[in-house]
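Both counts, for ligands and for their atoms, begin at 1 and track the order of listing. FYI, side chains are in, hydrogens and waters are out, and symmetry mates aren't considered; it's all heavy atoms of this structure.
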Amino acid sequence: MRVLITGGAGFIGSNFIRYLINNRPDWQITNFDNLTYAGNLANLDDLRDNDNYRFIKGDISNIDDVRAVLESGFDNVVNFAAESHVDRSLYDPGIFIKTNVLGTQLLLDLAQKTGISKFLQVSTDEVYGSQNVREYADEKSPLLPNSPYAASKASADLVCRSYFKSFDMPVIITRSCNNYGPFQFPEKVIPFFMTRALKDEILPLYGDGLNSRDWIYVEDNCEALLRVLESGDPGQIYNIGSNNELTNLDLTQIILKLLGKPSSLIKFVEDRPAHDRRYGLNFDKIENKLGWLPKIRFIDGIQKTIDWYLANKQWWENIISGEYRKFYEQHYRNLR
Ligand code: NAD
Ligand code: DAU
């Protein structure tokens with residue numbers, strides 16, 4: 001099996017590649033990534049000499065790059081490549097449309113021409129917008145994105161649907177809840193708060209801290225993605241949830257407790273514009289149709305994650321001292 005993974009130098013993509021190397025050792029994996037601020041080849045250092053893995057630098061929104069990589073021929077494409085941070089999409093929506101919408105369309109278009117067996121689009125629960133308490137979006141719920149990031153992912157989902165309907169292309173979409181685990185870029189709340197708390201720096205909690213998210217350990221998501229890739233039906237959408245719903249305040253208190261740091265590090269700050277109050281996913285379909293359920297309890301996953309960040313300080317120190325600073329300094333002006 002020859003698989004093209006786009007965005008494989010990012011958080012979930014790199015975890016997925018490692019998951020494939022361990023669980024499908026005969027698959028040939030090509031990682032195609034243009035190494036934005038969020039792409040990091042250090043995430044895959046251990047695989048550099050693996051004969052079944054190769055890296056190609058390229059941009060999913062550049063026709064020459066995409067044409068060149070697809071020339072070698074693939075059975076499957078898994079599209080992780082994206083601008084993925086909601087806060088950044090509020091500063092610079094254009095790059096989200098370019099990469100997430102136009103890039104996905106270009107990839108679909110050229111992959112269709114070369115012929116593939118499956119195209120898996122890695123999407124998000126954010127496309128459904130905010131859910132009321134005890135409401136759960138299923139795959140037929142309306143798309144009501146509230147941030148430019150969410151709108152770009154919802155748009156890409158619709159383009160994927162149209163390629164299935166119009167051209168019979170074997171596209172499948174997954175929509176997962178919030179991932180956490182090793183190699184997550186430290187701008188996302190869990191690694192952001194962990195790495196700051198370790199330095200006794202303030203943790204800026206948006207609004208009243210009562211927005212909630214459902215948290216999935218990244219390895220559980222990788223297992224679900226592989227299940228969908230191998231057994232999912234073209235044209236279908238599969239939600240991937242975890243039943244680990246937490247308010248941001250509770251999440252922060254858990255992180256502080258496990259790190260042995262005081263609650264006084266929490267600072268309530270101005271809310272994120274259009275901040276989705278809650279994501280709630282109904283993921284009965286992937287359980288009923290494909291027999292997948294998450295395995296990792298939040299308390300175990302978060303402990304593993306903390307252990308990883310403690311053991312890999314150099315990895316995140318390199319990031320937070322680099323390019324990342326520019327965004328941080330603009331966005332968190334109120335913490336200076
Ligand atoms: P990430 O930001 O860590 O990684 C994104 C990767 O895409 C990076 O390696 C980056 O270099 C690459 N990339 C960006 N633009 C590119 C381009 N034009 N061409 C080629 N590569 C490009 O993101 P992540 O958290 O790993 O998310 C991966 C995917 O999963 C995204 O599509 C995201 O929307 C989706 N998703 C993420 C979560 C989550 O909780 N992190 C949840 C649901 C869905
Ligand atoms: O739900 C899936 C989505 O989860 C993915 O599609 C996105 O790619 C991913 O970034 C994530 O989006 P969120 O906006 O939910 O994640 P983030 O880590 O940015 O924020 C999680 C919650 O924490 C959210 O309610 C905002 C809050 N937050 C975040 C940061 C960075 C804070 O209160 N303070 C912060 O400094």
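- Taking all atoms of both residues into account, the shortest heavy-atom contact from Ser89 to Pro148 is O-CG, 3.4 Å.
- Atoms of ligand 1 found under 4.0 Å from any heavy atom of Asn178, numbered from 1 in the order shown, are 40 (O).
- No side-chain donor from either of Ser117 and Asn76 sits under 3.5 Å from a side-chain acceptor of the other.
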* Does the side chain to side chain donor-acceptor pair (under 3.5 Å) test come out yes or no for Tyr128 and Asn239, once each step is laid out? -> CA-CA 11 Å; Tyr128 299 119; Asn239 286 347; 2.8 Å; yes
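- At a cut-off of 3.5 Å, with distance as the only test, a side-chain donor of Trp315 or Asn43 sits close to an acceptor on the other residue.
- Under a 4.0 Å heavy-atom criterion, Tyr37 is not in contact with ligand 1.
- Of the heavy atoms in Asn34, both backbone and side-chain atoms come closer than 4.0 Å to ligand 1.
- Taking the ring centroids of Tyr180 and Phe298, they lie under the 6.0 Å cut-off.
- For atom 27 (C) of ligand 2, the closest heavy atom belonging to the protein is Asn248 ND2, 3.5 Å.
- Not a single heavy atom of Phe185 sits closer than 4.0 Å to an atom of ligand 1.
- Checking only distances, Asp125 does come within under 3.5 Å of ligand 2, N or O to N or O.
- Aromatic rings of Phe185 and Tyr37 (six-membered ring for Trp) have centroids within the 6.0 Å cut-off, being under it.
- The protein atom (non-hydrogen) at minimum distance from atom 18 (N) of ligand 1 is Asp59 OD1, 2.8 Å.
- Taking a cutoff of 4.0 Å between a charged side-chain nitrogen and a carboxylate oxygen, Arg272 and Asp87 qualify as a salt bridge.
- Residue contacts with ligand 2: Asp87 is placed with no nitrogen or oxygen under 3.5 Å of a nitrogen or oxygen of the ligand (distance criterion only).
- Taking atom 36 (O) of ligand 2 as the reference point, the nearest protein heavy-atom neighbour is Tyr332 OH, 2.8 Å.
- Distances from atom 13 (P) of ligand 2 to the heavy atoms of Glu83, Arg88, Glu126 put Glu126 nearest.
- Checked by atom type, the side-chain pair Asn79/Thr104 shows a donor-acceptor distance below 3.5 Å.
- Taking the ring centroids of Phe183 and Trp308, they lie under the 6.0 Å cut-off.
- Inclusion of Gln184 in the set of residues having an N or O under 3.5 Å from an N or O of ligand 1 is not warranted.
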* Test side chain to side chain donor-acceptor pair (under 3.5 Å) on Arg175 and Tyr279 and set out the steps. => CA-CA 12 Å; Arg175 294 180 179 151; Tyr279 299 133; over 6 Å; no
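- Between Asp300 and Arg297, at least one side-chain N (NZ, or NE/NH1/NH2) sits under 4.0 Å from a carboxylate O, which counts as a salt bridge.
- The nearest heavy-atom contact from the protein to atom 5 (C) of ligand 2 is Tyr149 OH, 3.6 Å.
- Judged by the shortest distance from any of its heavy atoms, Ser14 lies outside the 4.0 Å radius around the atoms of ligand 1.
- At under 3.5 Å, a nitrogen or oxygen of Thr124, whether backbone or side chain, sits near a nitrogen or oxygen of ligand 2.
- Counting only non-hydrogen atoms, the option in Asn178, Val122, Val189 that gets closest to atom 16 (O) of ligand 2 is Asn178.
- Side-chain contact, Gln253 with Ser263: a donor N or O sits under 3.5 Å from an acceptor N or O.
- Looking from atom 44 (C) of ligand 1 to the surrounding protein, the closest heavy atom is Ser123 O, 3.1 Å.
- The closest protein non-hydrogen atom to atom 8 (C) of ligand 1 is Asp33 OD2, 3.5 Å.
- In this structure, atom 37 (C) of ligand 1 lies nearest to the protein heavy atom Ile12 CD1, 3.5 Å.
- Under 4.0 angstrom from ligand 1, the non-hydrogen atoms of Tyr149 all belong to its side chain.
- The protein heavy-atom contact nearest to atom 24 (C) of ligand 2 is His275 NE2, 3.4 Å.
- The single protein non-hydrogen atom nearest to atom 40 (O) of ligand 1 is Asn179 N, 2.9 Å, given as residue, atom name and distance.
- Atoms of ligand 1 lying under 4.0 Å from at least one heavy atom of Gly58, given by number and element, are 19 (N), 20 (C).
- Counting heavy-atom neighbours within 6.0 Å of Lys289 NZ, excluding the residue itself, gives a total of 12 or less.
- Atom 3 (O) of ligand 1 has as its closest protein heavy atom Phe11 N, 3.0 Å.
- For atom 5 (C) of ligand 1, the nearest protein heavy atom (residue, atom name, distance) is Ala82 O, 3.5 Å.
- The option with the heavy atom closest to atom 29 (C) of ligand 2, from among Tyr206, Phe268, Tyr279, Tyr180, is Tyr206.
- Nearest protein heavy-atom neighbour of atom 34 (N) of ligand 2: Pro204 O, 2.8 Å.
- Protein heavy atom nearest atom 8 (O) of ligand 2, with residue, atom name and distance: Ser84 O, 2.7 Å.
- Side-chain polar atoms of Asn31 and Tyr53 form a donor-acceptor pair below 3.5 angstrom.
- Remark: the Arg88 side chain and the Ser147 side chain contain no N/O donor-acceptor pair separated by less than 3.5 Å.
- Using 4.0 Å as the threshold, Ser176 has a heavy atom nearer than that to some atom of ligand 1.
- Residue-level proximity to ligand 1 for Lys153 is carried by the side chain, the only part with a heavy atom below 4.0 angstrom.
- Close approach of ligand 1 to Gly7 (heavy-atom distance below 4.0 Å) involves ligand atoms 6 (C), 7 (O), 9 (O), 12 (C).
- Counting heavy atoms closer than 4.0 Å to ligand 2, residue Leu205 contributes atoms from both its backbone and its side chain.
- Ranked by closest heavy atom to atom 17 (P) of ligand 2, the top entry among Arg272, Lys153, Arg278 is Arg272.
- The contact set between ligand 1 and Ser84, taken as ligand atoms under 4.0 Å from a residue heavy atom, comprises 1 (P), 2 (O), 23 (O).
- Residue Leu35 touches ligand 1 through its backbone alone, judged by heavy-atom distances below 4.0 Å.
- Contact annotation: Gly8 has no heavy atom less than 4.0 Å from any atom of ligand 1.
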